[in-house]
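Quick notes on the structure that follows.
These numbers were taken from a predicted model, which means no experiment stands behind them.
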Amino acid sequence: MSAQQPITYDAFVELAAADPAVLGLVLKGSRAHEDMTTPYSDHDLYVVLADGATTSLTRFTGHRAPDLDLVVLSLEEFRGAGGFERYALARARIVLDRLEGGITRILAGMARLDADEAFRQAGGWLDAYANSLYRSVKNDRDGHALAARLDAADSIRFLLELLFALDRRPRPYNKYLRWELDRFPLPGWDTGLLLDAVDRISSTGDVSAQHRLFGQVEAVARRAGHGAVLDAWGADVDLMRPR
């Protein structure tokens, strides 16, 4: 069988499980999220090989088909995975773990940001959120309706990054935002009210809604030790606060 020939998910899992070079199989994406599959959902599978292993399965590197996409990599490469994939791996489902829980521990590490990393990221996202919010409110004041709405939508992206960083979690992809919050709410936030505000602000740029939300964010950010980020805005922060 060549990498170009179609192979089903079940057939590949059987093939990989019989190969001692395979240390782990990790399923990500909609198939790993309960109730999120559709008739169009494929299987996104990480194939983790022992470092330096020789196996014919490497012929499947880069395999993409309607039913199955494969990422074949070494254990060392898997440990270093993350970035944009971090959320996907944080919520991935383990199909095979030959490391006596080692694959499970690697994924658990991806699901939880280091405290220093989270604090640094949160400070940066807070400043970016404030910047877009400030621009949105100013543009609305000055009659630039489109610019105000676009800046408001930008601010929501940064806000979500901030709120998840404050909880030391990678931000979920937009597709899984409601799924994530329904199952793992952000501490101190009412999921329904937060999502309603996110929806309203990103679609309409409602300034009053932005002010109200910022009032909540400011309190949360200051309690988390990020007051200096907001204080650096000086008197301009008043334009962001509730009236």
Side-chain angles (χ1 to χ4, degrees), residues 1-34 36-38 40-122 124-125 161 164-165 167-177 179-180 183-184:
M1 181 181 293
S2 71
Q4 284 70 42
Q5 293 175 318
I7 182 171
T8 67
Y9 169 76
D10 290 335
F12 182 84
V13 168
E14 182 178 357
L15 184 67
D19 190 327
V22 177
L23 300 181
L25 296 172
V26 176
L27 183 67
K28 69 184 181 81
S30 58
R31 295 281 180 179
H33 287 71
E34 183 184 7
M36 288 297 291
T37 57
T38 74
Y40 306 103
S41 297
D42 63 358
H43 296 81
D44 294 299
L45 191 68
Y46 270 76
V47 184
V48 184
L49 304 177
D51 294 331
T54 300
T55 170
S56 62
L57 290 182
T58 54
R59 72 188 187 275
F60 288 100
T61 300
H63 177 88
R64 294 182 65 86
D67 179 59
L68 179 62
D69 290 347
L70 297 173
V71 178
V72 182
L73 72 179
S74 69
L75 178 61
E76 181 180 3
E77 290 170 329
F78 184 65
R79 290 184 189 278
F84 186 71
E85 286 284 274
R86 186 163 185 172
Y87 174 77
L89 290 169
R91 294 296 179 213
R93 180 164 65 84
I94 296 173
V95 179
L96 176 69
D97 184 350
R98 284 201 173 107
L99 295 179
E100 299 181 347
I103 300 294
T104 302
R105 289 189 290 274
I106 292 171
L107 294 184
M110 293 182 183
R112 190 72 172 162
L113 277 62
D114 173 84
D116 290 339
E117 172 191 17
F119 188 84
R120 289 193 303 272
Q121 287 190 13
W125 293 125
E161 295 280 7
F164 280 95
D167 198 35
R168 295 177 57 185
R169 292 154 61 183
R171 175 196 163 180
Y173 307 146
N174 293 331
K175 177 180 179 179
Y176 301 119
L177 176 61
W179 184 97
E180 179 77 14
R183 289 160 178 78
F184 310 99

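Residues L70 and L57 are not in side-chain contact: their nearest non-hydrogen atoms beyond the backbone lie 4.5 Å or more apart.
In this structure, CG on D97 lies 4.5 Å from OG1 on T104, to the nearest 0.5 angstrom. Atom CG of residue D167 and atom CZ of residue R171 lie 15.0 Å apart, to the nearest 0.5 angstrom. A distance of 6.0 Å separates CG in L75 from CD1 in I103, rounded to the nearest 0.5 Å. Of the inter-residue distances, the one linking L45 atom CG with R93 atom CZ reads 9.5 Å to the nearest 0.5 angstrom. Note that the CG atom of L107 and the OH atom of Y46 stand 10.0 Å from one another [nearest 0.5 Å]. Rounding to the nearest 0.5 Å gives a distance of 10.5 Å between CG of L23 and CZ of F78.
Taking the six-membered ring where the residue is Trp, Y176 and W179 present perpendicular rings, their angle passing 60° and hence far from 30°. Between Y9 and H43, the ring-plane angle classifies as parallel under the 30° and 60° cut-offs.
Within the structure, salt bridge (Lys or Arg N to Asp or Glu O under 4.0 Å) contacts touching residues 10-20 (residues at least two apart or in different chains) do not occur.
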Step by step, work out the side-chain contact (heavy atoms from CB on, under 4.5 Å) result for M36 and S41. CA-CA 9 Å; M36 288 297 291; S41 297; over 6 Å; no

Residues F12, D67; criterion side-chain contact (heavy atoms from CB on, under 4.5 Å); working and verdict: CA-CA 11 Å; F12 182 84; D67 179 59; over 6 Å; no

Take E85 and K28 through the side-chain contact (heavy atoms from CB on, under 4.5 Å) test and state the conclusion after the steps. CA-CA 9 Å; E85 286 284 274; K28 69 184 181 81; 3.0 Å; yes

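Remark: Y40 pairs with no residue by the ring pair (Phe, Tyr, Trp, His ring centres under 6.0 Å) rule, at least two apart or across chains.
When all heavy atoms are compared, the tightest approach of V26 to A92 is CG1-CB, 3.4 Å.
Other residues, nucleotides and ligands contribute at most 12 non-hydrogen atoms within 6.0 Å of the CD atom of E76.
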